[in-house]
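By convention in this document, chain letters (A, B, ...) are assigned in the order of the sequence lines, proteins followed by strands, and residues within each chain are numbered from 1. Below, all heavy atoms of this structure are taken into account, side chains as well, without hydrogens, waters or symmetry copies.
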Amino acid sequence: MIEDALADLLRSALASSGLDLDGEPPEIVLTKPKQKEHGDFATNLALQVAGRVGKPPLEVAEIIVANLPSSDVVESKEIARPGFINFRVRDDWLHRALRDVAARGAAYGRSAPSGRRVQVEFVSANPTGPLTLGHARNAAIGDALARLFEFTGWEVLREYYFNDAGGQMDRFGDSVVARYLQAVGREAEVPDDGYHGSYVADIARDILHAKGPSLADLPPDERMTRLRDEAVQRVLPQIRSTLDRFGVRFDVYTSERTLAERGEIELAVQRLRQTGLAYDADGAVWFRSTEFGDDKDRVLIRSNGRHTYFAADCAYVIDKFSRGFDHVVYVWGADHHGDVARVRGAAQALGYDPSSLEFVIYQWVAFLRDGEPVPMSKRAGTFVTLDELMDEVGTDAARFHLLMFSPDATMNFDIEAVRQQSMDNPVYYVQYGHARIASILRKAAERRVELRSIDEADLSRLSHEAELDLLRAIADVTAEIRTAAERRAPHRLTHAAQGLAARFHRFYTECPVLSDDAELTQARLWLCVGTKQVIANLLDLLGVSAPESMERTEDVERAQ
RNA sequence: GCCCUCGUAGCUCAGGGGAUAGAGCGCCGGCCUCCGGAGCCGGGUGCGCAGGUUCGAGUCCUGCCGAGGGCGCCA
């Protein structure tokens with residue numbers, strides 16, 4: 001990247017400047033000025049070190065500039081008021097970015113493999129029913145993060161963890177039992193705290209169809225666990241296919257019961273005891289999580305002998321690290337932020353580097369329909385499923401919208417708005433840019449305009465401000481993707497995609513691609529090809545498709 | 001009471017130390033003999049409040065106010 005090249009120049013200038021830095025060399029920060037008069041890149045280096053070297057910033061800037069090695073990327077440099085050094089880079093650097101896109105295609109901006117492995121655990125909804133709107137943001141963020149990790153050189157494993165035992169699952173089991181008994185013609189009621197959705201009855205009927213009525217006569221405990229497990233076997237594939245449709249594929253599904261059956265939960269508790277951080281009290285086994293910033297100690301084994309979810313979490317931490325990940329990421333809703341301290345504390349107590357665990361906490365989504373909140377309770381049976389959401393607004397619009405906002409911010413998702421305002425929907429604006437370029441390329445083929453090798457193209461013909469802006473946007477994407485990855489901020493990608501599309505649309509309006517000027521046509525065609533590729537790359541990171549053409553929907557025609 | 005996140009334009013949100021704070025929507029006015037008008041151009045108002053750190057704060061720290069979420073031997 002150009003920033004790296006400029007940073008090298010500055011480092012070299014600093015080294016040969018004779019300035020006494022007295023300690024660590026400063027981090028070289030290059031920023032893109034908002035004002036174009038300030039050049040393409042700027043550094044505050046002189047301001048940073050002025051205090052240390054005991055000279056006024058402007059003087060330091062002059063010394064640094066005087067010592068800059070000659071370079072074929074720098075067009076000009078100037079010193080500005082408080083002490084900034086502003087660089088203008090040569091246009092052929094922008095051309096290099098475009099050639100890079102042409103050469104690398106989908107891998108443009110991609111980092112080389114680092115050999116580091118990261119596990120991203122997300123969604124992790126319990127198999128008590130279909131995925132709902134509530135899981136949508138988790139799925140979108142988790143998957144986008146996984147894609148960002150992959151793009152920036154990590155080896156990624158996507159994992160889904162679910163609890164298939166425990167109190168919540170028992171309540172689900174009881175509900176299935178009730179529906180099953182009803183299906184065989186017996187009196188039964190779904191418990192008040194059970195799952196009332198009609199899908200439970202569907203599952204029960206399906207079990208009856210497959211296994212017959214004999215399960216009704218099992219002893220109650222066995223009946224519940226048997227029917228619960230039968231139900232889970234039906235729910236999980238459904239969840240999997242919903243995720244598949246949403247563009248999310250997991251590498252591994254891990255169940256709590258597997259951990260329990262392998263004795264790993266007991267082992268985890270044992271290991272915590274060995275550290276002296278687990279103790280007995282009130283008939284239960286506790287973890288001293290207050291040692292790690294938690295506001296109270298947490299129970300691992302209840303006085304009734306059953307382990308808590310937290311105990312399973314501890315076993316799962318061991319499981320994760322035993323598989324050799326360098327980094328593990330949990331994608332959790334804001335309602336789980338309180339669990340962070342104890343899980344990280346447990347990891348630390350177990351001897352793992354607590355900074356290797358990362359918790360990406362996202363805030364809640366308010367789902368609305370025409371401005372009215374959509375009620376969501378799986379237990380009460382009032383919810384909208386993720387499948388229904390995709391039916392209504394489409395997968396692309398759903399994912400893009402869910403990824404438009406910072407995970408830190410609560411967001412609204414008005415189903416009617418995302419569906420009906422398709423004319424103004426950013427996802428279509430971006431996709432339209434891609435489709436529009438595809439259309440130009442088709443038109444070029446129709447007119448028998450052959451796209452020659454980019455090596456033969458005279459990219460210096462791209463001198464219109466709209467062309468240069470577009471080139472800069474293409475060149476910037478690499479840094480933007482890295483920032484999005486580093487900060488766990490996939491929403492930056494949606495903004496980058498919109499910015500790129502906007503610059504393309506302006507270029508399209510002001511600069512006819514197919515003209516009588518053959519050289520200019522070649523250059524502009526390559527600009528189109530590059531833009532199309534980069535838009536597609538960004539959309540891919542978001543899990544959104546990049547269509548070659550777009551149908552006009554009824555909504556749009558009505559609005560026209 | 002404690003913990004987490006947020007407070008930026010009429011609305012929805014970007015901007016995690018730099019120079020004159022941006023985008024979309026909405027509103028007003030322009031632009032199609034020509035590559036897709038789902039487009040483009042122009043028009044304007046704003047960092048919750050008070051301190052602090054810094055050469056420089058929307059950004060970092062403290063307090064206050066406001067919104068959302070969380071604080072079980074629930075899951």
Per A:His505 side chain, nearest of listed nucleotides B:C40, B:G36, B:G70: B:C40
Qualifying salt bridge (Lys or Arg N to Asp or Glu O under 4.0 Å) pairs, either residue in residues 523-535 of chain A, two or more places apart: A:Glu467-A:Arg524, A:Lys532-A:Glu548
Whole-Å C1' distance, B:A9 and B:C65: 22 Å
Pi-cation contact, A:Phe504 with A:Arg436 (under 6.0 Å, within 45°): no
A:Asp229: salt bridge (charged side-chain N to carboxylate O under 4.0 Å, His left out) partners, not counting sequence neighbours: A:Arg257
Whole-angstrom distance between B:G43 and B:G24, as gauged at atom P: 13 Å
Could you pull out the protein-nucleic contacts involving nucleotides 42-44 of chain B (nitrogen or oxygen on both sides, under 3.5 Å)?
none

Gap in Å between the two P atoms, one belonging to B:G39 and one to B:G26, rounded: 10 Å
Residue list, side chain to side chain donor-acceptor pair (under 3.5 Å) with A:Arg461, at least two apart or on another chain: A:Asp517
Distance in angstrom units between A:Ile440 CD1 and B:C35 P, rounded: 10 Å
Inter- and intrachain pairs under side chain to side chain donor-acceptor pair (under 3.5 Å), touching residues 52-65 of chain A, at least two apart: none
Nucleotide-resolved protein contact map, nucleotides 4-14 of chain B, B/S/- at heavy-atom distance under 4.0 Å: SSS-----SSS
Torsion-based syn/anti label for B:C32, 90° from 0 as limit: syn
Ring centroid separation A:His505 to A:Tyr432 under 6.0 Å: yes
Between B:U33 and B:U20 - C1' atom distance, rounded Å: 42 Å
Separation of atom NE2 in A:His464 from atom C1' in B:C40, rounded to whole Å: 12 Å
Pick out the pairs of N or O atoms, protein on one side and nucleotides 55-62 of chain B on the other, that lie under 3.5 Å.
none

Consecutive-pair stems (at least three Watson-Crick or G-U pairs, under 3.5 Å) that include RNA chain B: B:1-7 with B:65-71, B:10-13 with B:22-25, B:27-31 with B:39-43, B:48-52 with B:60-64
Residues forming a salt bridge (charged side-chain N to carboxylate O under 4.0 Å, His left out) with A:Arg447, sequence neighbours excluded: none
Nearest-angstrom distance, C1' atom, B:C13 to B:C28: 24 Å
Residues forming a side chain to side chain donor-acceptor pair (under 3.5 Å) with A:Glu480, sequence neighbours excluded: A:Arg492
Partners passing side chain to side chain donor-acceptor pair (under 3.5 Å) against A:Tyr316 (at least two apart in sequence or in another chain): A:Glu159
Centroid separation A:Phe87 to A:Phe41 less than 6.0 Å: no
B:C73 versus B:G52 - spacing of their C1' atoms, nearest Å: 45 Å
Flag if over 12 foreign heavy atoms under 6.0 Å of CD, A:Glu266: no
Ring geometry between A:Phe172 and A:Tyr199 (parallel below 30°, tilted from 30 to 60°, perpendicular above 60°): parallel
Interatomic distance at C1', B:G29 relative to B:G69, whole Å: 45 Å
B:G17 versus B:G36 - spacing of their C1' atoms, nearest Å: 45 Å
Candidate nucleotides B:G16, B:C35, B:C40, ranked by approach to the side chain of A:Val513 - the nearest: B:C35
Where A:Ile361 and A:Ala334 come nearest, the two heavy atoms and their spacing: CG2-CA, 3.7 Å
Phosphate-side-chain proximity, A:Arg302 and B:G72, N/O vs OP1/OP2 below 4.0 Å: no
Which residues share a side chain to side chain donor-acceptor pair (under 3.5 Å) with A:Asp476, sequence neighbours left out: A:Lys32
